[in-house]
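In what follows, every heavy atom counts, from backbone to side chain, and hydrogens, waters and symmetry copies are set aside. Whatever order the structure lists ligands and atoms in, that order sets their numbers, starting from 1.
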Amino acid sequence: MSHLILARSRNDMRQHLKIWRDQGKKIALVPTMGALHNGHIALIELGKQYADHVVTSIFVNPTQFGPNEDLARYPRQEDEDRAKLCTIGCDLLYAPNLEELYPQGFQTRIELGAITQRLEGVFRPHFFSGVATVVAKLLLQVTPDLAIFGEKDWQQVQVVSTMVKDLDLDVTILTAPTVRDPDGLALSSRNAYLNAEERRLAPKLKSALDKIAHQLKTNPAGLDFIVGQAKQDLLAAGFREIDYLEVCHSLTLEPWQLGDPARILVAAWLGQTRLIDNIGTS
Ligand code: PAF
């Protein structure tokens with residue numbers, strides 16, 4: 001178990017980072033909203049491979065939640081998170097309060113174009129602007145050499161990468177594969193909302209993605225039919241609603257065309273819980 005520095009203010013955090021920077025050390029940032037699980041731990045492990053020091057931020061960012069979303073009930077468990085960060089050997093936890101990121105009078109938003117207007121952007125129109133704004137702030141406050149994001153939020157990774165490129169931010173974005181439970185369910189802090197029956201059904205999301213990936217490999221001409229059938233199967237199994245289940249160009253997220261690199265993405269509701277997942281095709 002290593003020593004974890006806790007910084008609540010940007011100044012405090014930067015004082016610690018200055019010592020490492022003066023020693024020529026490389027710093028990785030893993031931005032999170034807490035309720036840490038093994039998916040986050042994999043991001044921190046990756047950070048440890050590529051940098052000398054890993055900073056994890058925990059901030060439940062209000063600007064990425066819509067008015068009827070789960071901001072109030074989003075799991076907050078800082079004590080458990082701190083224990084996990086100590087065990088994994090994270091060097092510094094940056095856990096700012098609201099004022100540190102959105103001080104009185106804050107009025108700037110970062111808006112991206114087409115890439116934010118599909119998939120998640122259709123169903124959560126506020127989401128990517130909130131993510132881009134807070135990630136930009138965290139990158140500017142921490143100024144890490146690397147920042148690490150999970151492929152579970154595939155569209156988020158593409159949005160952040162586009163923003164970093166468009167704004168010439170001096171940071172390398174690394175990604176880590178989705179971590180799954182043995183039955184295929186992608187780890188997510190929101191899985192805690194699922195009741196026992198919903199948890200039993202949840203891995204069907206990954207099975208639907210696998211079926212479509214197989215079709216794409218063997219007979220792409222029959223893709224529309226298989227996607228339609230996969231949606232019907234999910235609804236018949238007990239999913240309440242499917243926001244989207246689509247094959248897309250893996251980087252632009254535009255609808256997939258023959259020859260494009262493909263990513264299959266889904267968002268669906270089990271009761272009151274919205275789950276997202278995605279896979280690539282190789
Ligand atoms: O993926 C998340 O947990 C959040 O969207 C992020 C990147 C920490 C921004 O609040």
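- V135 places a side-chain heavy atom less than 4.5 Å from the side chain of F149.
- Using cut-offs of 30° and 60° on the angle between ring planes, the pair W20 and H53 is parallel.
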Contacts table for ligand 1: protein N or O within a distance under 3.5 Å of ligand N or O, distances only.
residue	atom	partner	partner atom	Å
ligand 1	1 (O)	Q156	NE2	2.9
ligand 1	5 (O)	Q64	NE2	3.0
ligand 1	5 (O)	Q156	OE1	2.7
ligand 1	10 (O)	Q64	OE1	2.6

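- Side-chain contact check for N61 and Y102: at least one donor-acceptor pair (N or O, by modelled atom type) lies under 3.5 Å.
- In this structure, CZ on R14 lies 9.5 Å from OH on Y94, to the nearest 0.5 angstrom.
- For the side chain to side chain contact (heavy atoms under 4.5 Å, CB included) criterion with T133, the lone passing option out of T108, I110, L138 is I110.
- Both V159 and L169 sit in one connected hydrophobic cluster of ILVMFWY residues. Membership requires side-chain heavy atoms under 4.5 Å apart, directly or through other members.
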